[in-house]
Amino acid sequence: MSRLIIEGGKPLKGSVEISGAKNSALAIIVAAALATEGESVLENIPHGSDVGTVCEILRDLGAEVWFDDDNKLHIRGQNLYKHQASYDLVRKMRASFYSAGLLLARLGKAEVPLPGGCAIGSRPVDFHIKGFTQMGAEVAIEHGYMKAKAENLKGAQIYVNRASVGTTINLMIAASLAEGTTILENAAKEPEVVDVAIFLNGMGARVRGAGTEVIRIEGVDKLRGIEYSIIPDRIEAGTFLFAAAITGGDVLLESVVAEHLRVPIVKLEEAGVIITRGDNNLRVQAPNRLKPVDVETMPYPGFPTDLQQPLVAAMCLADGTSVVRETIFDRFRYVDELRRMGADIKTDQGTAIIRGVPSLTSAPVEITDLRAGAALAIAGLAAEGRTELNGVEILERGYEFFADKLRQLGAKVYKEDSNIDDRRKVAIK
Ligand code: EPZ
């Protein structure tokens with residue numbers, strides 16, 4: 001295990017380039033293996049261990065997947081032959097359940113381990129399974145696996161419970177090669193869903209309505225590989241917005257789609273931050289002290305659950321009390337770690353009440369999940385002294401060059417390899 005050391009107290013200043021969206025990339029990499037002609041070449045794929053895991057899963061199933069010297073990811077799915085996904089790979093990451101949609105569509109059968117619970121609570125896949133069943137698959141749950149088969153998936157009218165992002169994407173993948181038309185009602189509207197739909201259409205699929213509540217997918221016989229560039233990561237961008245905000249910084253975020261961050265931007269403006277929208281960029285200028293804000297997480301276009309933790313971290317130093325309600329996941333475990341840094345937070349069921357304190361103090365803290373890691377880093381950037389974030393591998397699942405980007409903005413951040421006795425400092429500047 002490695003740790004990230006942050007010596008806080010410096011306003012972030014300068015500019016930073018936002019990477020490609022992790023959650024789009026994970027889905028698009030799997031969807032690329034639907035093609036039986038040509039190869040897909042994907043640009044703007046973020047480096048992170050989750051992306052590495054999904055590539056491993058595809059290779060294990062028989063697809064050819066490799067990065068070229070220009071960091072473009074090549075995927076050829078023609079030789080996909082194995083319908084059993086590896087437990088050791090799938091258990092690392094929930095998004096690997098997209099392989100179920102892929103395998104059903106391509107091979108007519110799929111055996112995929114059920115993802116377990118994780119640090120953000122129980123995360124079932126019952127909505128995905130209900131959808132596959134409605135499309136004619138016979139599904140059995142045996143020995144921790146979902147075993148599904150369908151000679152030919154058939155188009156169906158499916159109501160997507162809770163506008164689930166993963167279910168919408170998995171069913172779009174499965175329906176692209178199904179017989180007939182699938183209609184997804186109450187579909188997720190997240191930008192990542194739209195990105196996957198645009199990619200699928202580029203490959204020859206017929207997906208209409210992505211970004212609205214009703215998506216129609218007319219199945220086609222085959223798909224072919226294409227070149228495609230992934231959208232910028234709105235959650236990474238939002239994380240840097242909150243990091244700049246808590247430190248009283250002045251930061252230019254490059255390669256951002258401001259539209260994807262409409263509600264977080266409104267909330268930051270309410271907190272007293274000045275945000276200027278440019279062409280593909282956002283400038284954030286923060287006051288010395290933020291004002292408190294109340295927020296409820298909601299499916300897109302509402303405030304994203306993946307920015308709830310960065311927001312709570314920023315509100316720890318606000319001038320007053322903020323109330324944050326989490327409606328998507330059980331996602332407040334990390335507040336115990338913020339409390340160890342001096343934050344005043346009470347949680348009750350899905351609500352956190354954050355009383356702003358004048359300062360946070362450094363402490364060794366434990367990263368429990370990806371976005372919790374971002375929140376603790378944000379708190380560490382504003383805390384007095386040396387904050388030690390343990391379990392940085394979790395942060396590196398989804399943030400590309402996190403420490404480097406913060407250093408570029410003037411933060412004192414470095415990584416220590418805690419396996420090495422003398423705690424050799426990695427990449428210290
Ligand atoms: C995606 O997860 C993202 N992951 C999550 O990002 C994100 O927090 C979430 O969408 C919400 O925006 C990826 O894209 C890889 P859901 P997903 O299905 O698809 C319940 C991050 O940090 N549900 O929209 O798994 C579920 O428990 C991650 O980058 C069922 O009950 O989320 C939740 O309460 C974390 N049964 C709600 O629906 C199901 O079969 C919405 O979840 C599916 C979901």
Side-chain angles (χ1 to χ4, degrees), residues 19-31 46 48-51 53-54 57 90 92-101 112 114-134 139 141 146 158-173 184 186-196 230-231 233-239 260 263-264 296-311 325-331 333-334 350 367-375 394-400 402:
S19 301
K22 174 201 65 128
N23 287 344
S24 249
L26 295 176
I28 287 177
I29 292 170
V30 175
S49 52
D50 276 4
V51 163
T53 302
V54 86
I57 289 171
V90 169
K92 292 187 184 171
M93 188 186 67
R94 185 182 159 81
S96 47
F97 204 67
Y98 293 145
S99 58
V112 182
L114 296 170
C118 68
I120 60 173
S122 160
R123 295 180 71 189
V125 283
D126 50 332
F127 304 162
H128 302 236
I129 291 173
K130 186 193 88 173
F132 295 144
T133 309
Q134 283 182 262
V139 182
I141 307 297
M146 183 206 71
I158 301 169
Y159 182 86
V160 180
N161 295 46
R162 302 197 62 185
S164 156
V165 175
T167 308
T168 304
I169 291 177
N170 222 346
L171 296 180
M172 285 197 313
I173 290 174
L184 303 180
N186 197 39
K189 295 183 243 170
E190 270 66 3
E192 294 75 17
V193 171
V194 178
D195 207 25
V196 176
I230 309 290
I231 54 167
D233 195 317
R234 64 194 168 103
I235 306 301
E236 187 201 17
T239 301
H260 293 170
V263 177
E296 185 169 85
T297 61
M298 296 295 270
Y300 189 83
F303 192 94
T305 172
D306 293 341
L307 286 177
Q308 174 259 104
Q309 300 89 329
L311 164 88
R325 210 165 87 78
E326 169 62 63
T327 70
I328 313 286
F329 292 117
D330 173 12
R331 232 177 180 180
R333 262 178 62 182
Y334 71 100
I367 297 178
T368 49
D369 76 89
L370 173 60
R371 309 303 172 188
I394 298 177
L395 188 72
E396 290 171 346
R397 288 178 58 168
Y399 287 95
E400 177 179 58
F402 190 65

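When a ligand or atom number is given, it counts from 1 through the structure's own listing order. We count residues from 1, following the sequence as given.
- The shortest N/O to N/O separation between Pro124 and ligand 1 falls below 3.5 Å.
- Contact between Lys22 and ligand 1 is present, with at least one heavy atom of the residue lying under 4.0 Å from the ligand.
- In Arg94, the part holding a heavy atom less than 4.0 Å from any atom of ligand 1 is the side chain.
- Annotation: Ala163 places no N or O atom under 3.5 Å from an N or O atom of ligand 1; distance criterion only.
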- Query: Taking it one step at a time, do Ile235 and Arg371 satisfy side-chain contact (heavy atoms from CB on, under 4.5 Å)?
  - Reply: CA-CA 9 Å; Ile235 306 301; Arg371 309 303 172 188; 3.3 Å; yes
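- Close N/O approach between Arg371 and ligand 1 is found [any backbone or side-chain N/O within under 3.5 Å].
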- Message: With side-chain contact (heavy atoms from CB on, under 4.5 Å) as the criterion, how do Phe132 and Leu171 come out once you've worked through the C-alpha distance, each side chain's angles and the decisive distance to 0.1 Å?
- Response: CA-CA 7 Å; Phe132 295 144; Leu171 296 180; 3.8 Å; yes
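- Side-chain contact of Ser49 with Glu396: a donor-acceptor pair under 3.5 Å is absent, judged by distance alone.
- With a 4.0 Å cut-off on non-hydrogen atoms, Arg397 does not touch ligand 1 at all.
- The proximity of Thr305 to ligand 1, defined as any non-hydrogen pair under 4.0 Å, is limited to the side chain.
- Heavy atoms of Phe329 found under 4.0 angstrom from ligand 1 belong exclusively to the side chain.
- Note: no N/O pair closer than 3.5 Å links Leu26 and ligand 1 by distance alone.
- For ligand 1, the polar-atom distance check finds an N/O of Phe127 within less than 3.5 Å of one of the ligand's N/O atoms.
- In Val165, the parts holding a heavy atom less than 4.0 Å from any atom of ligand 1 are both the side chain and the backbone.
- A salt bridge is defined here as a Lys NZ or Arg NE, NH1 or NH2 lying under 4.0 Å from an Asp or Glu carboxylate O, and Asp306 with Arg331 meets this definition.
- Glu296 places no side-chain N or O within donor-acceptor distance of the main-chain N or O of Arg325, the cut-off being under 3.5 Å.
- Ligand 1 does not have Glu326 within reach: every non-hydrogen atom of the residue lies 4.0 Å or more from it.
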